[in-house]
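The figures that follow rest on heavy atoms only: side chains count, while hydrogens, waters and symmetry mates do not. One-based numbering, in listed order, for ligands and for the atoms of each.
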Amino acid sequence: MAESIQAPMLVYLVTGGCGFLGEHIVRMLLEQEPRLRELRVFDLHLSSWLEELKTGPVQVTAIQGDVTQAHEVAAAMAGTHVVIHTAGLVDVFGRASPKTIHEVNVQGTQNVIEACVQTGTQFLVYTSSMEVVGPNIKGHPFYRGNEDTPYEIVHKHPYPCSKARAEQLVLEANGRKVRGGLPLVTCALRPTGIYGEGHQIMRDFYRQGLRLRGRLFRAIPASVEHGRVYVGNVAWMHVLVARELEQRAGLMGGQVYFCYDKSPYKSYEDFNMEFLGPCGLRLVGTRPLLPYWLLVLLATLNALLQWLLRPLLLYTPLLNPYTLAVANTTFTVSTNKAQRHFGYKPLFSWEESRARTILWVQSTEGSGQ
Ligand SMILES: NC(=O)c1ccc[n+]([C@@H]2O[C@H](COP(=O)([O-])OP(=O)(O)OC[C@H]3O[C@@H](n4cnc5c(N)ncnc54)[C@H](O)[C@@H]3O)[C@@H](O)[C@H]2O)c1
Ligand SMILES: CC(C)CCC[C@@H](C)[C@H]1CC[C@H]2[C@@H]3[C@H](O)C=C4C[C@@H](O)CC[C@]4(C)[C@H]3CC[C@]12C
């Protein structure tokens, strides 16, 4: 993919292109990838905003499809140069069964890899997750670690298990021969907690605060750092990786990169207040209002209720033993691997990321978003 002044010629496919992160990747590719001729957006549910993108110079092709269906993936990928595989079932609340999570995240990823081999697509970028590493179930802190920091990785929950297995499949596929005889070049990006325009959990906290007359109640100590990264910068990393994979295949193939930017290190709740504060909410308490043992009890009770009610209804509260453990364990990243390997620098400063997110939160008030 050498620099050229020739007509754009590359065909990209983004799986999960209508999701929170996927939409930002799609828009970023259209803005920042001049060699793009066609952009295929593959998703289980197609969004209406795709229509407005079809009027630009790049051909945007919307493909309604399911990554668990190998033939649908292969048909969509025929003739593509690069695939960014972002589709995934993000569920830490028990909305989907472990079997479904495995089918979408693991089997779906295997289907994408096999389709690369079958159709001759040579470059595969996988959206992994920090949860491939941790926090582990023992609650060990990962304090400003990097891709080489030793950490005891122990997965139990279906979501991190599935992301870890899928990442492993992607990395092991690096070097496999694709149709035509060239080697497949793969790598994985591991975002920490993504925030920004379209972040549904942020919107849910905002709505909850409004219902509680402008207040949220601290549950997690302010000293527990939780890694966060702005969605625009995560999207930019995907675009850069995809662009550089051919030129730097030897260096980048089979590698993992944490996604990072200049977002400050804070607890999950204090970080959210960077946006919810300017929208009129207040976090009550300098220390958690409930003792930790009581939160554990409530989380366990929620898990029990979820199990008991399952035959009748889906009870999926935010608080469960897994989400409590993730929110209550320090997990932050400090690395420059992406800068060293492919020249990544955040496209959005912290101030801009913050301002954009605040504007979005304000715009969701009263709207059906
Ligand atoms: N949100 C985060 O904080 C975060 C952090 C780290 C990693 N990730 C990863 O980023 C990716 C995107 O996450 P997101 O937050 O944008 O989630 P999302 O749910 O908003 O987007 C996922 C997209 O995948 C699509 N999809 C789901 N199942 C599919 C299937 N069977 N076939 C085709 N498409 C399917 C969905 O329709 C959706 O549009 C996921 O792989 C997730 O594991 C997210
Ligand atoms: C204890 C309660 C008061 C707070 C509950 C917050 C909880 C819902 C939040 C805290 C941390 C969040 C996860 C974290 O940001 C990282 C990821 C990785 C990504 O791959 C998927 C989303 C996920 C799991 C976030 C989900 C929501 C969590 C658990």
Side-chain angles (χ1 to χ4, degrees), residues 14-26 41-47 50 63-69 72-73 76 84-93 95-96 100-101 103-109 111-112 125-135 157 159-160 162-164 166-167 170 188-196 198-202 204-205 208 216-221 224 226-231 234-235 238 258-259 267-269 271-272 283 288-290 292 295-296 298-299 302 316-329 331-332:
V14 181
T15 70
C18 293
F20 165 44
L21 172 60
E23 176 177 351
H24 285 266
I25 293 176
V26 164
V41 181
F42 182 96
D43 204 298
L44 201 53
H45 308 288
L46 295 179
S47 306
L50 274 175
I63 305 170
Q64 194 273 323
D66 184 342
V67 288
T68 68
Q69 303 303 311
E72 293 183 10
V73 180
I84 299 180
H85 177 41
T86 295
L89 196 44
V90 186
D91 181 20
V92 291
F93 306 112
R95 292 175 189 146
T100 309
I101 293 175
E103 276 167 8
V104 175
N105 294 352
V106 182
Q107 190 55 50
T109 301
N111 291 343
V112 170
V125 180
Y126 174 60
T127 311
S128 182
S129 169
M130 75 180 208
E131 290 196 54
V132 161
V133 180
H157 193 279
Y159 173 73
S162 69
K163 295 299 285 185
E167 183 189 273
V170 167
L189 295 181
R190 294 172 173 169
T192 51
I194 307 173
Y195 69 94
H199 186 214
Q200 294 313 308
I201 300 178
M202 181 86 74
D204 292 346
F205 274 111
Q208 190 183 358
L216 287 169
F217 299 95
R218 187 185 292 280
I220 304 295
V224 177
H226 187 79
R228 304 294 284 271
V229 59
Y230 177 60
V231 67
V234 180
H238 281 73
F258 277 120
C259 297
S267 76
Y268 188 78
E269 290 167 314
F271 191 84
N272 284 353
L283 184 62
L289 293 189
L290 299 178
Y292 185 63
L295 278 179
V296 173
L298 289 173
N302 274 341
T316 58
L318 280 187
L319 181 67
N320 64 44
Y322 182 73
T323 57
L324 179 59
V326 175
N328 200 51
T329 306
F331 196 101
T332 44

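- When the options Gly22, Ser128, Gly88, Ala76 are ranked by their closest heavy atom to atom 9 (C) of ligand 1, first place goes to Ser128.
- For the atom pair OG1 (Thr15) and NE2 (His85), the distance works out to 4.5 Å, reported to the nearest 0.5 Å.
- For atom 27 (C) of ligand 2, the closest non-hydrogen atom on the protein side is Ile201 CD1, 3.7 Å.
- Residue-ligand proximity: Asn105 is placed with every non-hydrogen atom at 4.0 Å or more from ligand 1.
- The option with the heavy atom closest to atom 30 (C) of ligand 1, from among Val41, Val14, Val67, is Val67.
- Looking from atom 22 (C) of ligand 2 to the surrounding protein, the closest heavy atom is Val90 CG1, 4.0 Å.
- Between Gly19 and ligand 1, at least one pair of N/O atoms sits closer than 3.5 Å.
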Exercise for review: Apply side chain to side chain contact (heavy atoms under 4.5 Å, CB included) to the pair Val73 and Phe42, showing each step before the final yes or no.
Suggested key: CA-CA 8 Å; Val73 180; Phe42 182 96; 4.2 Å; yes

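- Residues Val132 and Pro160 form no side-chain contact, since every pair of their non-hydrogen atoms from C-beta on lies 4.5 Å or further apart.
- Close to ligand 1: Thr127, with a non-hydrogen atom less than 4.0 angstrom away.
- Listed for the Glu269 side chain is no donor-acceptor partner under 3.5 Å among the backbone atoms of Arg218.
- Side-chain contact, Thr332 with His226: no donor N or O sits under 3.5 Å from an acceptor N or O.
- At distances below 3.5 Å, at least one donor-acceptor pair connects side-chain atoms of Asn302 with backbone N or O atoms of Leu319.
- Of the protein's non-hydrogen atoms, the one nearest atom 25 (C) of ligand 2 is Glu131 OE2, 4.6 Å.
- In summary, the side chains of Gln107 and Asn111 do present a donor paired with an acceptor at a separation below 3.5 Å, with no hydrogens or angles considered.
- By the 4.5 Å heavy-atom criterion applied to side chains, Asp91 and Tyr159 are not counted as neighbours.
- In summary, the atoms of ligand 2 found under 4.0 Å from a heavy atom of Ser129, numbered by their order in the structure, are 18 (C), 19 (C), 20 (O).
- Between Met130 and ligand 1, no pair of N/O atoms sits closer than 3.5 Å.
- The distance from ligand 1 to the heavy atoms of Leu21 drops below 4.0 Å at these ligand atoms: 10 (O), 16 (O).
- Under a 4.0 Å heavy-atom criterion, Gly108 is not in contact with ligand 1.
- Checked against a 3.5 angstrom limit, the closest N/O atoms of Val104 and ligand 1 fall outside it.
- The shortest N or O to N or O distance between Ser129 and ligand 1 is not below 3.5 Å.
- Of all the atoms in ligand 1, the ones that sit under 4.0 Å from a non-hydrogen atom of Val90 are 13 (O), 17 (O), 40 (C), 42 (C), 43 (O).
- Applying ring-ring contact (aromatic ring centres under 6.0 Å, His included) to His199 and the options Phe271, Phe20, Phe205, Tyr230 leaves one that passes, Phe20.
- Put simply, the side chain of Gln64 never gets that close to the backbone of His45: no donor and acceptor are under 3.5 Å apart.
- In summary, the atoms of ligand 1 found under 4.0 Å from a heavy atom of Gly65, numbered by their order in the structure, are 32 (N), 33 (C).
- Contact between Ser47 and ligand 1 is absent, with no heavy atom of the residue lying under 4.0 Å from the ligand.
- Using a non-hydrogen distance threshold of 4.0 Å, Thr86 registers as a contact of ligand 1.
- Ligand 1 has a nitrogen or oxygen under 3.5 angstrom from a nitrogen or oxygen of Lys163.
- When only interatomic distances are considered, the shortest N/O to N/O separation between Leu44 and ligand 1 falls below 3.5 Å.
- Ligand 1 has no atom lying under 4.0 Å from any heavy atom of Gly17.
- Side-chain atoms of Thr329 never come within 3.5 Å of backbone atoms of Val326 as a donor-acceptor pair (strictly under, hydrogens ignored).
- Gln200 places a side-chain N or O within 3.5 Å of a backbone atom of Gly198 that can act as its donor or acceptor partner.
- Residue Val92 has at least one heavy-atom neighbour below 4.0 Å for each of these atoms of ligand 2: 24 (C), 26 (C).
- Summarising the geometry, atom CZ belonging to Phe331 is positioned 5.5 Å from atom CE belonging to Met130; distances are rounded to the nearest 0.5 Å.
- Heavy-atom proximity to Asp66, at under 4.0 Å, picks out these atoms of ligand 1: 30 (C), 31 (N), 32 (N).
- Residue Val326 holds the heavy atom nearest to atom 13 (C) of ligand 2 of all those in Asp204, Thr323, Val326, Leu290.
- Each of the atoms 5 (C), 6 (C) of ligand 1 lies under 4.0 Å from some heavy atom of Thr192.
- In this structure, CZ on Arg190 lies 9.0 Å from OG on Ser129, to the nearest 0.5 angstrom.
- Although no hydrogens or angles enter the test, the distance criterion places no donor-acceptor pair under 3.5 Å between the side chain of Thr86 and the main chain of Gly16.
- The proximity of Leu319 to ligand 2, defined as any non-hydrogen pair under 4.0 Å, is limited to the side chain.
- Nearest to atom 37 (O) of ligand 1 by heavy-atom distance, out of Asp43, Leu89, Val234, is Asp43.
- Considering both main-chain and side-chain atoms, Phe42 never comes within under 3.5 Å of ligand 1 through any nitrogen or oxygen pair.
- Comparing Phe93, Tyr159, Tyr195, Tyr268 against atom 20 (O) of ligand 2, the shortest heavy-atom distance belongs to Tyr159.
- Against a heavy-atom cut-off of under 4.0 Å, Ala327 is close to the following atoms of ligand 2: 10 (C).
- Proximity of Ile194 to ligand 1, defined as any heavy-atom pair under 4.0 Å, is shared by backbone and side chain alike.
- With a heavy-atom cut-off of 4.0 Å, Tyr159 touches ligand 1 through its side chain alone.
- Among all non-hydrogen protein atoms, the one lying nearest atom 14 (C) of ligand 2 is His226 NE2, 3.2 Å.
- Counting only N and O atoms by type, the side chains of His238 and Thr127 include a donor and acceptor under 3.5 Å apart.
- Separation of atoms CD1 (Ile220) and CG (Leu283) is listed at 11.0 Å; rounding is to 0.5 Å.
- Distance remark: protein heavy atom present below 4.0 angstrom from atom 11 (C) of ligand 2.
- Considering backbone and side-chain N/O of His45, none are found under 3.5 Å from N/O of ligand 1.
- Put simply, the side chain of Asp43 never gets that close to the backbone of Leu46: no donor and acceptor are under 3.5 Å apart.
- Atoms of ligand 2 lying under 4.0 Å from any heavy atom of Ala219, numbered from 1 in the order shown and given with element: 3 (C).
- The shortest heavy-atom distance from Lys163 to ligand 2 is not under 4.0 Å.
- Paired with Lys163 under the rule side-chain contact (heavy atoms from CB on, under 4.5 Å), one option of Asn105, Thr109, Val106 passes, and it is Asn105.
- Ligand 1 has no N or O atom lying under 3.5 Å from any N or O atom of Pro191, backbone or side chain.
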